[in-house]
Amino acid sequence: MIVIAHLSDIHIDLDDGQRSIGRARAVMEYLEGLPYDLDAVLVTGDIADHGLPAEYEQARELLASRHPVLVCPGNHDERAAFRESLLGRPRSSAPVNQVHRAAGFTVALCDSSVPGKDEGFLEEETLAWLEDVLDATPSGVPVLVGFHHPPALLHSPFLDGIRQFGAERLADLVDRHPAAVVAFLAGHAHTPAATAFAGRPLLVAPGVVSTLRLPWEQRAHPEDHVHLDAPPALAFHVLDDAGRLTTHYRTVTAPAGSAWW
Ligand SMILES: [Fe+2]
Ligand SMILES: [Fe+2]
């Protein structure tokens, strides 16, 4: 059995009164305290709220773990600083695509960010990279494909307007490798959601820093998208020996004596 934790949208901001740091720390402490070695921890983007080197240095400290941690960028991230200050690699503005091959599974994390924009798109370079990853994966090894922007409508007009566009190119690519991809994993939506894309599950991680208010939850006015008091949460994706995927969603409680702020 393979167990993968999936969190997203920690939005580290050094000027928010420790809010984002406190939430990310609580989630990571929860994972560190589990009596189980996770196969991976995925963080699907919006790591730094402003894409600043100092935010990435803080995130690097917070995300240090005994479990293998993999991160991809979101629309709030900045590729060069993400590479240098979070990953410890040379600065470059090329897409940050990373593959993690472990016993019994592969994770391909794609960069769906578009510099300067909130919406997402997989560049040709990223699609070619993903095709190479799938080509090089032995048959029978399940691949989880992750990115920041969900490539499907989630029925929030705000969020749907900044989803991953051009997604039919991704669907075509995956259709050429029908056995390999078991699911798509995304963030960006700040709400736990499950739907389908290209005939496979599309599983969206909740937001750590905040939660999306759905249209039927918005009371004050139509722009009231963000729920700040909902607790941080994450997903656990479980792959069993038959290759079947099960996802659990879990909220993390505030440390004793404190509240989520
Ligand atoms: Fe976000
Ligand atoms: Fe985002």
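Keep in mind the model is a prediction, meaning the values are calculated, not measured. In listed order, ligands and their atoms are each counted from 1. Heavy atoms only: backbone and side chains are in, while hydrogens, waters and symmetry mates are out.
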- request: Just give me the atom name: the N, O or S atom of Asp9 closest to the Fe ion (ligand 1).
  value: OD2

- prompt: In His11, which N, O or S atom comes closest to the Fe ion (ligand 1)?
  reply: NE2

message: Only N/O/S atoms count here: what is the atom of His188 closest to the Fe ion (ligand 2) called?
response: ND1

- prompt: How is the N/O/S atom of Asp46 that comes nearest to the Fe ion (ligand 2) named?
  reply: OD2

message: Which label fits Tyr56 and Phe82: parallel for a plane angle under 30°, tilted from 30 to 60°, or perpendicular past 60°?
response: perpendicular

- prompt: Where does the angle between the aromatic ring planes of Phe147 and Phe184 fall among parallel (under 30°), tilted (30 to 60°) and perpendicular (over 60°)?
  reply: parallel

query: Near the Fe ion (ligand 2), is there an N/O/S atom from His148 that is less than 2.8 Å away?
result: yes

query: Do we see a donor-acceptor contact under 3.5 Å between the side chains of Ser210 and Arg23?
result: no

- prompt: Should Leu185 and Val3 be counted in the same cluster of Ile, Leu, Val, Met, Phe, Trp and Tyr side chains packed under 4.5 Å apart?
  reply: no

Hydrophobic cluster membership, Leu86 vs Leu7, 4.5 Å side-chain cutoff: yes

